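Hydrogens, waters and symmetry mates play no part in the numbers below; they use all other heavy atoms, side chains included. The sequence lines fix the lettering, A, B, ..., with proteins before strands; numbering per chain opens at 1. Computed from a prediction, not measured in an experiment: that's the story for all the values here.
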Amino acid sequence: MTTQATSINLTSHDDVVRVEDLKVNFYTQLGVVNALNGVSFNIPRGRVLGIVGESGCGKSITGLSIMQLVVAAGRTEAGRIMFREFAGQEPPINILEYGKNSPEMRKIRGNNISMIFQEPMSSLNPCYTVGNQIEEAILLHQTDDKSEASKRAVEVLTKVGMPNPDRIAASFPHELSGGMRQRAMIAMALSCNPTLLIADEPTTALDVTTEAQILDLMRGLQSEIGTSIMFITHNMGVVAQMCDEVAVMYMGRVVERATVDDIFYEPRHPYTISLLQSIPRLGRSKGRLSSIEGSVPDPYSTTPGCSFHPRCPVAIKGLCDTIVPEETIVDAAKGHTVRCHLNS
Amino acid sequence: MTTDDMLLEVRGLKKHFPIRTGLMRRVTGMVKAVDGINFHIRKGETLGLVGESGCGKSTAGRAILRLHEPTAGEVIFNDPVLGKIDVTQADRETMMKLRPNMQIIFQDPFTSLNPRLTVGQIVGEPLEIQHRARGTELSDRVAELLKEVGIRPENMTRYPHAFSGGQRQRIGIARALALNPSLIICDEPVSALDVSIQAQVLNLLDELQAKYGMAYLFIGHDLSVIEHISDRVAVMYVGYIVEMAKTDKLYFSPKHPYTEALLNAIPKADPRLRTRPVRLQGDVPSPANPPSGCYFHPRCRYAKDICSVERPPLTDIGDEHFVACHFARELSLTGVQALSDITLEMPKPRSL
Amino acid sequence: MAVDAAKLPNTAHATEDVGTIPQWKLMVRRFRKSKLSVSGLILLIILYTLMLLSDFIAPYQHNRIDSNYAWAPPSQLGFANGKVVTYALKQTLDEVRFEWIYAPDLENPIPVEFFVQGYPYKFLGIIPSSLHLFGVPEGSQINLIGADKDGKDVFSRLLKGSQISLTLGFVGVLISVIIGSIVGTASGYFGGPIDNIIQRLIELLRSFPDIPLFLGLAAALPMGVPVEVRFFLITIIIAMIGWTGLAREVRAKVMAFRASDYTSAAIAAGGSHWHVITRHLIPNAMSHIIVVGTLAIPGAIGSETALSFLGLGILPPAVSWGVMLRDAQTIEAITNYPWMLLPVGVLIISVLSFYLLGDGIRDAVDPYA
Amino acid sequence: MLNFIARRLINMVVLLVVVSFVGFFIIQLPPGSILDVQLSKMRALGGDISRDQMKAMAERYGINQPFTTRYYKWVSRSLQGDFGTSFATDQSVGDRIWGRLSISLGLSLFALLFTWLVSIPIGVYSATHRYTVPDYLVTLFQFIGLAIPGFLLALVMLIIATRYLNQQVGGLYSSEFQDAPMSIAKFRNLIEHVWIAVLVLALGATAGLTRVMRANLLDVLNMQYIQTARAKGLDEAVVIWKHAVRNAIHPLVASLGTLLPALVVGETLVAQVLSLPTIGPMYLDALRQQDMYLAGTILIMLSALLLIGNLVSDLLLAWVDPRVRLE
């Protein structure tokens, strides 16, 4: 079956990254997992793209693929990841053409594209000071001068709102709280003024009040520096607060792409709609939550047709369970696409 | 108000963990995980206990069941047979009789079921311990319980590793249900689940309560979930309850600055509510070394001199609204704004 | 993603319901996938079978001295008239070095007979018998792998020696596993003062370097006691020294399992200490105990060998592999009579097999570690 | 830090007192006394001992005094630096032990160095090339290394060295250097004699440590901070050696304390075969001859070594890993 995804071009020349029909398989002892089944999306320059989905939908793998940091068991089978460091760069670079540990890839990592992870407790190496770990990136990409690097490390720590940047730089990670560590991670990620920041569930492990601080910080820095952000999360609240555009993922596919307003007010995919209906919302009336029946299928099995059809309340027999829906444009102007037979 | 419908009264409950250091393992300090909390639960109601990590909410739940031996305080449980009994003082024999009426559901569906036992053995274990059933009677009862939580009884002979997180959580609920308890402590039962599964489990808990009338102490950190399930809510901060009220009261007109800050901090699932309210600065202090006076004062934007000196007691400001703040009656704080529902409709097939 | 996959149920065997397979069976399955570990197990089964049948297989008593066959090389085997035969030895004196030189007398084949009568023994220690697997007629001798300086048959001694070498370490570890499990469980489950006292005791025992302590204790054993008593005492020493490490590991596991939610659920339902320990703690700690125990056996076998080698363990006339190796200490012995080293070969095989087995069990028990 | 060391030292002293008591008890357990050994020795030489002589000896060694008295005498004299007189040789115990203990320690430190230098790189290689042929080979060699007893290895190496390399081995020096003052030539001679012992000693421990290193590194490589380091754009070699190995080495350092005395004594059999003048064979002889002052002193020295080793490894651990707080 030919996929239409690559031919859909809702994108301008000012996408930082365009992921086209990305397929990644994992070869494990228990079998092959089709982690990504043809993922396509674009991250517009200076915007925040949210990637949202439940555990195992492939959202983290997508982020790691852009960084070429997928573990050895995962293999990229097809697709392109086109990266434009600056606006209008022609031709864009296909990241996947570089080797994982190639000098070209290493020059992009941490410099042009940087990443922060979910667990602030384990994201920093316990053996080195925070300052040392930030300087490491600066020395690698920006300057050879050690004192210059440590000066910049303190600067960037100040920028992320550290109350006492000099002291923090000299601290070891275990001496900081979770929120502080995540700030330090953000400082490290931003230390080389990256074009794109990939944030993989950066606030999931944090408490609500700390989460709010970190989200504010990221939003503030984003509008200040203009870095594009790919924000991976499972929390619809975080999506609403953080993102400009959203891609909803299910079982290794992007099922819906739209602006954040469209995702929340005019969702088209039954999965997006069910997801929104199943979250309890503050200040709403009580009563039964509408839930999605069943559970996410295990990754070793393959579902024929639309992967959501076994749980979909409006699935059409004979169609949804046999044919994989193509990505179709709902609203070209706003870049709203959906992968659903009911919308085609 | 009659006291007859009172199920559980917790008075001055404390749980301190000693910090031991050095070679001689001398006690050099105390982690005051729970430091004197008071609340009550009526029959059939749900009390939400909410707070950030390390505030002592789980410890409190476990101390009530004496899974942690409480350091001080009373836990008066109104047993249907024995009447009111202080759980903390009960001897082994009494405890054995009390236990069936107070059960617990855990957070992590992957570690709360013994991997070496079948689902049948897991759900049947409480019945076995309490000598309630044996043989076919036992397996009939287990089958019934499984059906109750939406697991097919054929699954009795399977092991936990064959189930997804949501299903395991249902099995854990069936185990708690086995002895017909009048109180279930739900220790973050949906925190580890995906959003779509979370809704299923919350609905199940609602249905079971409607059917059997047990009370829940629902411990959680997600304020939206707590709001959804609770009749009343208590907010904890560093080992204390800072505010406790009926759910709507607490959410719409909070009286404690910490509650206000918490409600403010929740990322709302609505892009139109992208406000940038004043955020709480700093981190939650460690219960081993809390600040003086009101523990919240270093982060509180309404704090005055007295706050750093004197710890405010939890006082009733009327209509079962308890607040531990020197200025509870004076401050006007903002809570959650009532929203109009967004109605979402499923797509309809165009041609059929 | 990889983590998620690890948590998911194993569905590789799509045709059957994996859900009904108990955990230990899944472990056995995983174990069987490791060929090295399975071969270790098979080798051990063979070794222990030979040990059990040693009196039946051995043609001679391990202490039978025949000075005519001092340092006799392995008997040559052959076929004649459809029968297995061996050859008598022609002895000539090397007049320069004053040593006997042996050569097979190829003219005189001696038939090897099977199921012959020999020295009396008790089969499996119970049934009196004098039947042996093979033998040669009176007046000649067969030394499958040569003889030692007194003309004692090395093959018979090797078999007899396995009775001590393969059981002493095993039993020693078994005892230390039992002590370690009980003490570790008590320490980890009850905590508090009990735990404190046990931990202090272990700390004290661990302040002794184990090998010297071991030697000191072995040296303290009375010399003139029967073999069985000495065997028993050395077993006890091995157990005494080994249990502390195991107790610590069991304690750590038990503490983890005790803190687990399923244990809490059992306590919340009114489960007694006994119920919790036997239902939840021991079964879960068991696989770990087996792994640690299996991996401790080779060390214990080595300890026995070393002790006997140094003259502090099993003493002649009793025989163990360590005792046999006393004759293989010098370069001369090894270069001139290399068959004297065979006990080391068997020792290495048994030790290696235990390591492979233990490693395989560990991987099977804890596949994601 | 100083506070920590001080407290640890106090604890060590307490443990050593208990250890010395228990040690002394064990050492004098064997039935019969040094007297019997001496007697049989003299009789074997053809002489005999008069009743008076025996009495004098019993007096001198305190044979007939109660256990606690003997222990007290021994300890109080030891504290003054007088470890007593060896029954067997009439030499001062202190003098005899120091010489041999230092040789043992030297050998062990060499072996330790070798162990670390070999097992860390091999462990790293095998962890980063998991499930490849070299990894399987390393695993195989590890098992064989664990399974082969040291003395056999010593014997085999001895044969190889003498037969095929024409090397002199056994002992520390060739006869011509035995009493010569230390010189470059003598040192070379020492190395030539000692390398087999070092190799043999190190090999068993190397096999074990390589396995530990491999397992640890595999754990560490799954950590998030390794991903962070890669995400910075660091070269994989830097990621491994700077970020992973430092964290993986932790348990190796922790095992240092027990490794040192194990090596010191582990050479007993090897030293026997290679006829090295180290502490192991001496301890063994002392035990055999019921030379209790000597054996007791060695046992306690070794305990002290173990405790010091543990202290050193704790300090090293704190240096390697900032999370370890010394309090």
Exercise for the section: Search all heavy atoms of Arg116(B) against all heavy atoms of Ser287(C) and return the closest pair with its distance. Expected result: NH2-OG, 3.3 Å

Exercise for the section: Could you tell me whether Glu93(B) atom CD has more than 12 heavy atoms of other residues or ligands within 6.0 Å of it? Expected result: no

Exercise for the section: Check whether Leu127(B) gets within reach of chain C through its side chain, its backbone, both or neither, counting any heavy atom under 4.5 Å. Expected result: neither

Fill in the blank from the handout: Highest number of heavy-atom pairs under 4.5 Å with chain C among Gln107(B), Arg175(B), Glu125(B) belongs to Glu125(B)

Problem - Side chain, backbone, both or neither of Met102(B) within contact of chain C (heavy atoms, under 4.5 Å) - result: backbone

Exercise for the section: Kindly indicate whether the side chain of Arg279(C), heavy atoms from C-beta on, has any atom under 4.5 Å from the side chain of Asn114(B). Expected result: no

Practice task
Answer whether the closest heavy-atom distance between the side chains of Leu26(C) and His161(B) falls below 4.5 Å.
Solution key: yes

Exercise for the section: Heavy-atom distances under 4.5 Å only: say whether Arg66(B) touches chain C with side chain, backbone, both or neither. Expected result: neither

Completion exercise
Applying a strict 4.5 Å limit to non-hydrogen atoms, the region of Ile104(B) in contact with chain C is side chain

Problem - His275(C) versus Glu128(B), side-chain donor and acceptor atoms under 3.5 Å - result: no

Handout entry: Flag side-chain contact, heavy atom, 4.5 Å: Ser272(C) against Met96(B)
Key = no

Could you list the donor-acceptor pairs under 3.5 angstrom formed between side-chain atoms of residues 257-265 of chain C and any protein atom two or more places apart in sequence or on another chain?
{"unit_1": "Arg258(C)", "atom_1": "NE", "unit_2": "Tyr189(C)", "atom_2": "O", "d": "3.4"}
{"unit_1": "Ser260(C)", "atom_1": "OG", "unit_2": "Phe257(C)", "atom_2": "O", "d": "2.7"}
{"unit_1": "Ser260(C)", "atom_1": "OG", "unit_2": "Thr263(C)", "atom_2": "OG1", "d": "3.0"}
{"unit_1": "Asp261(C)", "atom_1": "OD1", "unit_2": "Arg62(B)", "atom_2": "NH2", "d": "3.1"}
{"unit_1": "Tyr262(C)", "atom_1": "OH", "unit_2": "Asn284(C)", "atom_2": "ND2", "d": "3.2"}
{"unit_1": "Thr263(C)", "atom_1": "OG1", "unit_2": "Phe257(C)", "atom_2": "O", "d": "2.6"}
{"unit_1": "Ser264(C)", "atom_1": "OG", "unit_2": "Ser260(C)", "atom_2": "O", "d": "3.4"}

Exercise for the section: Using non-hydrogen atoms and a 4.5 Å limit, figure out which bit of Thr111(B) sits close to chain C: side chain, backbone, both or neither. Expected result: both

Problem - More than 12 heavy atoms from other groups under 6.0 Å of CZ on Phe170(C) - result: no

